[in-house]
Amino acid sequence: MTKQLPIDLSRIDKLLLDRDAMAPQKSRALRGASVPAVAVGDDCATSEALQVALLTAVNLAHKSFSAAVPVRASDGVWDAACVTALSAKSTVGEALQEIGAVRAASDQGQGLRLLIGDVQGEARALRITFDGWRVGVGPAASMERMKERPYCMLAPLAAAAVAVGEAFSAWANISVEATRKKIAFSLWRPDLDVDLEEALGEPMTEFPRKVELFGLGHLGQAYVWAIAALPFEERSALQPYLCDDDAVELPNVETGALLRKENLPGRKTRVVAAWLGQRGFDSRLVERFIDDGYRRCSSEPTVALSGFDNNEARQWLASAGFIEVFDSGLGGEACNFDSIAVRMWPHPLSADLLWQLENRAGLEARAARQKQRTSRNPAYGDIAADECGKLLVADKAVAVPFVGAVAASFVVAEVLRRTNGGPAFSDCRIRACSLNAAPLAAQLTTLMAPPCRSLETVRLRC
């Protein structure tokens, strides 16, 4: 008889389980001991963009490292009003404590620090910065602050996610360059050198009034976090439709941007709707499975954001009657968990070529890899007693929340650009742990996206 799969098997700890045969308990302990601290400048007290960076960095670090995040901030910041919808709390300090922060003394620890705002550089520190749609992360000793013009709240969000990814990559020995290199790219023109004038981007004024989010796991919740970071004039005017049929499970708490243990064992749609409702957003719930017979009805949004983890569901969504589908896919193994593929529909390729299904040979090859992994990895024997149980564990994906946050910044950026007549891309590929200052692999389709006459929009503050 198969030993029950541990309900608390972390998708993050599965990285070292598969790569280094490390027991999940040991991986979790090592993660917790390496959590980065965050140091915040006084200008964060009044800056919405800096607060977006701060809350994103703390939330992702807390989840990625499974530990409280030390935050060094003055009383003026800690007691300041929280001006971003990423929290429903009234002060920055309350917002930080809710998502896993602890207030740190000025001389606490010698580990890695993430710097946000007007705070001096120090040894082992990473600067988080942005300007317009530009994103910048790098060693504080060599990375100067950008002008930090708040044209797009996704830029500070992406910078925070990349910085947490650098900290994680250094801890997990993924890259010897992690935390030692400069990273810079543009969410406006990811295909260009970030220093070009065209990469700065422009302030955006509109967002679709209705969007439908399919799949509320790692990616879907990252989309919600990114959308909530946008500066809506009237939050209640936005109507996000939330489509999922799953309940929250314990491993989801680490990978889901919005989840806490107290959300167990609620339905994902209702947990996410409650999170949005606390911040003034008005959600609609669609609790159903999606199959090849699914079709959008006339009252549903015309814009869909796909958080699915399989190509069959993506093909179904492409034929469901949406005018635009914004999709991203993540790798799920130790060798590619940080890989991101962002794709838009309609696309130059047909849906069956864009999202190809795994054929019989591919399925057999994957099954063989999993069987080889379980037979050669002694740590699997401590998790499951027999071959069937080991294969159940092997089939679980590796997932770390900063990867979903990076993907969401690109997906929601595409929605923003297209809605406001900016540059449009059909594809973009990113390796979250291998970023540098070079342009990204992105396929530009037009410099000015055509207007969608049937699309109702809501206003954003400039």
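Along the sequence shown, residues are numbered consecutively beginning with 1. In what follows, every heavy atom counts, from backbone to side chain, and hydrogens, waters and symmetry copies are set aside. Since we're looking at a predicted model, the values are computed, not measured.
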With respect to Phe214, which candidate in Tyr223, Trp316, Phe289, Tyr294 satisfies the ring-ring contact (aromatic ring centres under 6.0 Å, His included) definition?
-> Tyr294
Does the Arg134 side chain pair with the main chain of Ala184, one donor and one acceptor, at a distance under 3.5 Å?
-> no
Measure the CZ-CD distance between Arg295 and Glu300 for me, rounded to the nearest 0.5 Å.
-> 12.0 Å
How close do Val164 and Ala57 get, heavy atom to heavy atom, and via which atoms?
-> CG2-O, 3.6 Å
Sub-4.5 Å side-chain heavy-atom contact between Asp282 and Leu276 = no
Walk me through it: do Lys210 and Arg284 pass the test side-chain contact (heavy atoms from CB on, under 4.5 Å)?
-> CA-CA 10 Å; Lys210 292 182 178 181; Arg284 303 290 187 271; over 6 Å; no
Please determine if Arg149 and Asp131 form a salt bridge, counting it only when a charged side-chain N lies under 4.0 Å from a carboxylate O.
-> yes
Donor-acceptor pair, side chain of Lys14 and main chain of Lys396, under 3.5 angstrom = yes
Quick one: does His218's side chain have a donor or acceptor within less than 3.5 Å of a partner on Gly256's backbone?
-> no
Residues Arg296, Glu212: salt bridge by 4.0 Å N-O rule | no
Just checking, is any N or O donor in the side chain of His347 or Asp427 under 3.5 Å from an acceptor N or O on the other one?
-> yes
In residues 188-204, what donor-acceptor pairs under 3.5 Å come from side-chain atoms, sequence neighbours left out?
from   : atom 1 : to     : atom 2 : distance (Å)
Arg189 : NE     : Asp191 : OD1    : 2.9
Arg189 : NH2    : Asp191 : OD2    : 2.8
Asp193 : OD1    : Asp195 : N      : 2.9

Test item: side-chain donor near acceptor, Arg314 and Asn311, under 3.5 Å | yes
d(Ser306 OG, Leu213 CG) to nearest 0.5 Å is 10.0 Å
Check whether any side-chain heavy atom of Val342 sits under 4.5 Å from a side-chain heavy atom of Glu414, and report yes or no.
-> no
Got a donor-acceptor contact below 3.5 angstrom from the Thr374 side chain to the Lys371 backbone?
-> yes
Under 3.5 Å donor-acceptor, Asn252 side chain and Gly217 backbone | no
Could you pull out the closest heavy-atom pair between Ile430 and Leu440, with the gap in Å?
-> CG1-CD1, 4.3 Å
Any sub-3.5 Å donor-acceptor pair from Arg461's side-chain atoms to Leu230's backbone N or O?
-> no
Give a yes or no on whether the backbone of Ala85 and the side-chain of Arg279 come within a donor-acceptor separation of less than 3.5 Å.
-> yes
Arg376 atom CZ: more than 12 heavy-atom contacts under 6.0 Å | no
Closest non-hydrogen atoms of Ala49 and Pro156, given as atom of the first, atom of the second and distance, are O-CB, 3.4 Å
Tell me, do Ile12 and Ser66 make a side-chain contact under 4.5 Å, heavy atoms counted?
-> no
Report the distance from atom CG of Leu435 to atom CD of Glu177, rounding to the nearest 0.5 Å.
-> 11.5 Å
Kindly determine whether Leu317 and Trp345 satisfy side-chain contact (heavy atoms from CB on, under 4.5 Å), including the steps that lead there.
-> CA-CA 10 Å; Leu317 200 58; Trp345 181 263; over 6 Å; no
Could you give the distance from CG (Asn436) to OG (Ser175), rounded to the nearest 0.5 Å?
-> 10.0 Å
Measure the spacing between CG of Leu259 and CH2 of Trp275 and express it to the nearest 0.5 Å.
-> 11.0 Å
Of the non-hydrogen atoms in Arg19 and Asn173, which two are nearest, and what is the gap between them?
-> NH1-O, 3.9 Å
Under a 4.5 Å cut-off applied to non-hydrogen side-chain atoms, are Trp225 and Asn59 in contact?
-> yes
Going by the side chain to side chain contact (heavy atoms under 4.5 Å, CB included) test, name the single residue among Met146, Lys182, Arg145 that passes it with Arg127.
-> Arg145
Tell me, please, which residues at least two apart from Tyr241 pass ring pair (Phe, Tyr, Trp, His ring centres under 6.0 Å).
-> none
In this structure, are over 12 heavy atoms from other groups packed under 6.0 Å from Arg180 atom CZ?
-> no
Evaluation steps, side-chain contact (heavy atoms from CB on, under 4.5 Å), between Leu55 and Cys82 | CA-CA 10 Å; Leu55 294 182; Cys82 183; 4.2 Å; yes
Give a yes or no answer on whether the side chain of Asn336 reaches the backbone of Gly331 with a donor-acceptor pair at less than 3.5 Å.
-> no
Counting only N and O atoms by type, is there a donor-acceptor contact under 3.5 Å from the side chain of Asp244 to the main-chain atoms of Leu216?
-> yes
Is it true that Asp13 and Arg11 make a salt bridge, defined as a side-chain N closer than 4.0 Å to a carboxylate O?
-> no
Side chain to side chain, Pro240 and Ile227, heavy atoms closer than 4.5 Å | no
Start with the C-alpha distance between Val272 and Gln221, add both sets of side-chain angles, then the distance that settles side-chain contact (heavy atoms from CB on, under 4.5 Å), and finish with yes or no.
-> CA-CA 8 Å; Val272 174; Gln221 290 180 48; 4.2 Å; yes
Any side-chain heavy-atom pair of Glu324 and Thr419 under 4.5 Å | no
If you measure from the Lys or Arg side-chain nitrogens to the Asp or Glu carboxylate oxygens, is any gap between Asp395 and Arg373 under 4.0 Å?
-> no
Closest heavy-atom pair and its distance - Val35, Ala61 = CG2-O, 4.1 Å
Of all the heavy-atom pairs spanning Ala167 and Pro36, show the shortest one and how long it is.
-> CB-CG, 4.0 Å
Residues, nucleotides or ligands: over 12 heavy atoms within 6.0 Å of Glu144 CD | no
Any chance you could lay out the salt bridge (Lys or Arg N to Asp or Glu O under 4.0 Å) test for Arg270 and Glu287, step after step, and finish with the verdict?
-> CA-CA 9 Å; Arg270 300 174 201 186; Glu287 294 181 327; 2.8 Å; yes
With side chains defined as the heavy atoms from C-beta onward, is the minimum distance between Leu60 and Phe168 less than 4.5 Å?
-> no
Counting distance only, does the side-chain N/O of Ser409 pair as donor-acceptor with the main-chain N or O of Val406 below 3.5 Å?
-> yes
Hey, could you give me the CD1/SG distance between Ile174 and Cys335, rounded to the nearest 0.5 Å?
-> 11.5 Å
Heavy-atom neighbours of Arg267 CZ exceed 12 at 6.0 Å | yes
Looking just at side-chain N and O atoms, do Thr84 and Gln51 make a donor-acceptor pair shorter than 3.5 Å?
-> no
Are any non-hydrogen side-chain atoms of Leu112 and Arg124 less than 4.5 angstrom apart?
-> yes
